[in-house]
Amino acid sequence: MMRLIRPVLVKHIVTDKKKIQIIQQFKEDIAQTKREIEQLSFQLHKALRKNKESDQSKIHARYNSNIRSREDKLKNISFQIEQLDKLEEGMEIQEGTVDSIIDVSIGDRWPGSNQVAEIIIKDGIIQEIRESRNEDDRLV
């Protein structure tokens, strides 16, 4: 026998409680990103005062690039909040993956990439564990 590690999809069933939880996380991400923008702006002004005029265009470019990426992140979070409002209760949303250990022995079917395992969670409680099978397995 041998043990293998395989990914398992983690899905959540959309409920009002889950939406509130996700929105709270988005709000925390927004606050953190705004703090990062403020910090970068402060560092930019500090660097401009400290360095020669000949270096200032490079400094502006570097900091403004970082600030723009944070501003893009804020726009992306706002878009995700809009999309969250469109989700209906009972829908499943993928939240990530976890690793699972499976045992295989000589004579077992190889757990190929078309066999997907999923854990379905509703309000923090596992509701279902799904294991897809090959077409051949359904006929047996």
Side-chain angles (χ1 to χ4, degrees):
M1 181 175 59
M2 178 181 270
R3 292 183 163 208
L4 302 175
I5 297 174
R6 72 168 173 178
V8 178
L9 293 176
V10 177
K11 294 184 176 183
H12 286 268
I13 296 174
V14 176
T15 62
D16 287 335
K17 184 177 177 181
K18 185 63 181 172
K19 280 186 175 184
I20 290 168
Q21 180 186 11
I22 294 171
I23 288 172
Q24 183 60 37
Q25 182 60 51
F26 284 151
K27 286 180 180 179
E28 290 172 14
D29 291 348
I30 288 170
Q32 175 64 30
T33 304
K34 286 181 177 180
R35 283 192 297 273
E36 290 173 8
I37 290 171
E38 289 174 14
Q39 182 66 28
L40 286 168
S41 295
F42 174 76
Q43 289 174 352
L44 168 63
H45 293 299
K46 186 176 175 182
L48 290 175
R49 284 192 308 260
K50 202 173 178 182
N51 291 293
K52 301 179 244 173
E53 279 191 40
S54 60
D55 295 335
Q56 289 190 357
S57 64
K58 292 177 188 174
I59 293 169
H60 262 293
R62 186 177 68 222
Y63 280 97
N64 286 335
S65 171
N66 287 329
I67 290 170
R68 273 193 302 278
S69 74
R70 301 312 193 284
E71 289 169 345
D72 289 344
K73 183 177 178 180
L74 287 175
K75 289 177 189 173
N76 186 24
I77 293 170
S78 295
F79 176 74
Q80 288 177 314
I81 290 172
E82 289 174 22
Q83 295 302 306
L84 182 63
D85 288 338
K86 295 177 184 178
L87 292 178
E88 295 178 17
E89 203 163 307
M91 294 177 73
E92 293 178 4
I93 54 173
Q94 184 174 332
E95 191 160 284
T97 60
V98 294
D99 289 332
S100 169
I101 297 174
I102 59 170
D103 294 324
V104 293
S105 298
I106 294 172
D108 289 349
R109 287 195 177 273
W110 179 251
S113 60
N114 58 345
Q115 288 181 305
V116 181
E118 299 176 335
I119 297 174
I120 311 302
I121 301 171
K122 181 177 181 180
D123 293 334
I125 298 171
I126 296 173
Q127 298 293 306
E128 188 176 353
I129 297 174
R130 298 178 186 157
E131 299 263 355
S132 71
R133 302 276 184 220
N134 291 331
E135 290 298 318
D136 295 347
D137 291 345
R138 291 189 191 129
L139 299 175
V140 177

### Task
Enter the distance from I59:CD1 to Q43:CD here, rounded to the nearest 0.5 Å.
12.0 Å
### Query
Under 4.5 Å between side-chain heavy atoms, hopping through other hydrophobics if needed: is there a path connecting L87 to V10?
no
### Query
Can you name the closest pair of heavy atoms from L40 and Y63 and give their distance?
O-CD2, 3.6 Å
### Task
Following the transitive rule for hydrophobic clusters with a side-chain heavy-atom cut-off under 4.5 Å over Ile, Leu, Val, Met, Phe, Trp and Tyr, establish whether V98 and I102 coincide in one cluster.
no
### Task
May I ask you to list the residues sharing a hydrophobic cluster with I120, side-chain cutoff 4.5 Å, ordered by chain and number?
I13
### Gap between atom CG of D123 and atom OG1 of T15 - 0.5 Å precision
3.5 Å
### Query
What pairs of residues pass the side-chain hydrogen bond (donor to acceptor under 3.5 Å, both in side chains) test when at least one of them lies in residues 76-105, not counting sequence neighbours?
R3-D103, H12-E95, K18-E95, E92-R130
### Query
Rest of the hydrophobic cluster containing I5 (Ile/Leu/Val/Met/Phe/Trp/Tyr, side-chain heavy atoms under 4.5 Å)?
I101
### Summary
Between the OG1 atom in T33 and the CD atom in E28, the distance rounded to the nearest 0.5 Å is 11.5 Å
### Task
Only counting residues at least two apart or in another chain, list the ones meeting side chain to side chain contact (heavy atoms under 4.5 Å, CB included) with H60.
L44, L48, N64
#### Entry: I23 with V14, same ILVMFWY side-chain cluster at under 4.5 Å
yes
Side chains of residues 67-75: which donor-acceptor pairs under 3.5 Å do they make with residues two or more places apart or in other chains?
from: S69; atom 1: OG; to: N66; atom 2: O; distance (Å): 2.8
from: R70; atom 1: NE; to: E36; atom 2: OE1; distance (Å): 2.7
from: R70; atom 1: NH1; to: N66; atom 2: O; distance (Å): 3.2

### Message
Nearest 0.5 angstrom please: I93 CD1 to K19 NZ, how far?
### Response
9.5 Å
### Query
S41 side chain to I37 main-chain N or O, any donor-acceptor pair under 3.5 Å?
yes
### Task
Mind checking salt bridge (Lys or Arg N to Asp or Glu O under 4.0 Å) for K122 and listing every partner two or more places apart, or none if nothing turns up?
none
### Task
Please list, chain by chain and in numerical order, all residues satisfying side chain to side chain contact (heavy atoms under 4.5 Å, CB included) with I126, sequence neighbours excluded.
I119, I121, I129
